[in-house]
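See structure below.
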Protein chains: 4
Amino acid sequence: MSSTTAKHPDVSRRSERSRKAILQASMELVGEVGYPKLTIEAIAARAGVGKQTIYRWWPSKAAVLLDAFTEVVHDQDYDSGFPDTGDIEADLKTVLRATADEFSDTAFEAPYRALAVAAATDPKLADQFVTRLREPGLKVYTERLRSGQEAGQIDPELDLDLAVELLLGPFQQRWLSRSGPLTHEFTDRLVELVLRALAPRDGKP
Amino acid sequence: MSSTTAKHPDVSRRSERSRKAILQASMELVGEVGYPKLTIEAIAARAGVGKQTIYRWWPSKAAVLLDAFTEVVHDQDYDSGFPDTGDIEADLKTVLRATADEFSDTAFEAPYRALAVAAATDPKLADQFVTRLREPGLKVYTERLRSGQEAGQIDPELDLDLAVELLLGPFQQRWLSRSGPLTHEFTDRLVELVLRALAPRDGKP
Amino acid sequence: MSSTTAKHPDVSRRSERSRKAILQASMELVGEVGYPKLTIEAIAARAGVGKQTIYRWWPSKAAVLLDAFTEVVHDQDYDSGFPDTGDIEADLKTVLRATADEFSDTAFEAPYRALAVAAATDPKLADQFVTRLREPGLKVYTERLRSGQEAGQIDPELDLDLAVELLLGPFQQRWLSRSGPLTHEFTDRLVELVLRALAPRDGKP
Amino acid sequence: MSSTTAKHPDVSRRSERSRKAILQASMELVGEVGYPKLTIEAIAARAGVGKQTIYRWWPSKAAVLLDAFTEVVHDQDYDSGFPDTGDIEADLKTVLRATADEFSDTAFEAPYRALAVAAATDPKLADQFVTRLREPGLKVYTERLRSGQEAGQIDPELDLDLAVELLLGPFQQRWLSRSGPLTHEFTDRLVELVLRALAPRDGKP
DNA sequence: TTGTAACCGAGACGGTACGTCAAGTCTTCGG
DNA sequence: CCGAAGACTTGACGTACCGTCTCGGTTACAA
């Protein structure tokens, strides 16, 4: 059913051992040398694999890295739940602090930044990047906001997708452009400010 | 005064003709083939210049592009003033709409995106990118917000830098990651939402 | 067995087509532009081959040319026999005349001079030049002189290697330094003079 | 009178200091890095001179080296006389031994070999090389042989130029191609053998 | 005494080729 | 037929020099 399967050789014969080795080598290398100096040859060598085996199954080194990263993230099973204590400010602050810590972890940062950057250039990749990594991440925020909306803490007429953009846009921007540090101070202030925008309108006539 | 001058050869002997030709060729080529396929060799060839003349004055193709882009921006004298009609919502909407249009112009987009992406990878470049292009752009927003603050339309205790991040973060993020279109509808909603966050706190007479 | 094989990649996978094309292109180009203007890039381009394929198998352009020249010489199967009519003076004159003619043939001269010159500078190359081109050429002279020695026409106590140097040294020197023309007149006089030196000592019955 | 003066700028204004420095730097550098790696830029830098000053007065690096070497040789005033004791064999042996020693002195060898090699490629240079270095060197041999001829030790009908070629050809050849060591043993044997060729014909009828 | 015309040191310039690296393709061989 | 190995063509990299061309500065002859 997957239309992407068509261009591949016989998937059932694929060597799982090679696939794993390639993904792992990619993650290691991107951490060691950075994305721009990551080469297919080095991945193949590190993985003990012929270059052709990479070219056979992936269209670009970015695609390899995306698979590699997705696999790691899934292994961590990151849908580990979003807290809902009833106090939306506290919950958002908790999660955004955690997110900030995650984005400061170099093991996570190198490949994720690499992908974000590659996606900014390559629309094909951007698609997959958004579908497989970004959207699942945003969805949990949207749902927590919806819960707050139902609890009357958030303006019921508000577009929640825009609200999530308001919250995460400044965060992501600061991270990607390194225009400032991702401190808890920052994330807390951000949550407070955003919640002022989301609050139900007072002057109910 | 300028610490970067030191590593250069004798600046006074520099060929202005070559400098101009290189910057122009860079802008043309990045539009034609995109940043990843932009090569120093092609720039040199198009500019009718030896490769060494590029390597002599710039450390990377990104640096060339940054100079090229800066020059264009300055020629347009973009400090052409930020409107201040007294109606802060209208003023912000006007400017953000214009900014959205600018970021949708391919002639502007290609090199700017290239720079933003390169800066995300190369901290050295990021520095210059921020000081020479980003900060001047943000400053005018900060000033308009300060004016609004003085006029009592904005909470006087607010950190205006964070306010600007709140406004432009989602905008930049959407643009860079192509996670949505930069319509006037979007920018208007964004301005409205942000202003709710910036409004002076009620019930404090 | 072969100590030089070690530093090479897998010889069995070598492309015979490329090897031939490179050697032929070298010979053509050295004739057209001369050795100093012979470039690896031009050889690669003419041969329809990547530069790397040349660098993979040869350490320098001189080495390429040596292989090319050796191949041509072997194709001509130049061990085509040294005449031995019993008249040593006639035989030597015949062969030296032929050699002079060969050294006057531009198709032969350009690459051979190039190699002789390069060998004079590069001892590594000199080794191979001597073993693969010079020694086989000298050996046939030595053998003819030995035959003459056995026939009593040459002093039996003579060092035949020195004798060959005496004959070919002036010849080579004149050719290499262009200090005079390689006429048959010259070669004949040379043979006569040398034979006076080689003659058995008289008055020792 | 000198036809070469015409193409030069005003010779009278030439800086003697620069000329000396260039020649000395050339000699030093050719000894340090060898002729093929000798560059005009390095000579200029070492001599503390602008490149143009070299290009103004010499057509090639070989020409510079030739001047440099000639100057050194003349300073040594090498026409220091050829011994003529009456014993031609002893005299030739003495001089050829000295020559062999000279050609084994690296300070002399590097530039002289460089010139010999360059001359083998560049006929223009070869002319000057022969006129200014080789011929003066050969002339003294010719004269000594003529003296021997007049003394009846050498066949009066012999072409003395050819005789000198017979003596020095093997010597030069061995040196240039490094096909053997320039021992006194070798030069002595060579002189003896050559003299057998030059001896007056015994069988005077 | 003062031009002014050269040489001079310096070094930027447009080029060419270098030798290296990696890309993506193709071929050979073993399992 | 997949996978490892790696040779192949291609093309860009960044460097080294080439030979030419200004740029002040410093002589040294002419007005």
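FYI, side chains are in, hydrogens and waters are out, and symmetry mates aren't considered; it's all heavy atoms of this structure. The sequence lines fix the lettering, A, B, ..., with proteins before strands; numbering per chain opens at 1. These figures come from a predicted structure and were not determined experimentally.
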_Could you check whether A:Lys124 makes a cation-pi contact with A:Phe129, meaning its NZ or CZ is under 6.0 Å from the centre of the six-membered ring and within 45° of the ring axis?_
no
_Sugar-phosphate only, base, or nothing, as touched by B:Ser18 at under 4.0 Å among non-hydrogen atoms_ = sugar-phosphate
*Interatomic distance where NZ belongs to D:Lys37 and C1' belongs to F:dC17 [whole Å]*: 14 Å
_chain C footprint on DNA chain E, 5' to 3' - any atom under 4.0 Å from a heavy atom_ = E:dA17 to E:dT28
*Distance, rounded to the nearest Å, where D:Ile43 contributes CD1 and F:dC17 contributes C1'*: 12 Å
*Does a side-chain N or O from C:Thr53 land closer than 4.0 Å to OP1 or OP2 of F:dA7, or not?*
no
*Before accepting this row, confirm whether a basic side-chain N of the pair D:Glu32/D:Arg46 lies closer than 4.0 Å to the acidic partner's carboxylate O.*
yes
_What I want to find out is whether C:Arg132 reaches C:Asp67 closely enough, with some N-O distance under 4.0 Å, to be called a salt bridge._
yes
*Within 45° cone and under 6.0 Å: A:Arg14 NZ/CZ vs A:Trp58 ring*: yes
_Quick check: closest heavy atoms across B:Leu23 and B:Val64, and the distance to 0.1 Å?_
CD2-O, 3.7 Å
Can you tabulate the close N/O pairs, meaning under 3.5 Å, that link protein atoms to atoms of nucleotides 18-22 of chain F?
residue: F:dC18; atom: OP1; partner: D:Ile40; partner atom: N; Å: 3.2
residue: F:dC18; atom: OP2; partner: D:Ile40; partner atom: N; Å: 3.2
residue: F:dC18; atom: OP2; partner: D:Glu41; partner atom: N; Å: 3.2
residue: F:dG19; atom: OP2; partner: D:Tyr55; partner atom: OH; Å: 2.9
residue: F:dG19; atom: N7; partner: D:Lys51; partner atom: NZ; Å: 3.3
residue: F:dG19; atom: O6; partner: D:Lys51; partner atom: NZ; Å: 2.6
residue: F:dC21; atom: N4; partner: D:Gln52; partner atom: OE1; Å: 2.4

*Can you tell me how far CZ of A:Arg19 sits from OG1 of A:Thr53, rounded to the nearest 0.5 angstrom?*
13.5 Å
*asked:* Under 4.0 Å between a side-chain nitrogen and a carboxylate oxygen: does that hold for C:Arg178 and D:Asp122?
replied: no
*asked:* How many whole angstroms separate atom CG of B:Asp10 from atom C1' of F:dC23?
replied: 9 Å
*asked:* As an exercise, state the distance from CD of B:Gln24 to CD1 of B:Ile43, rounded to the nearest 0.5 Å.
replied: 12.5 Å
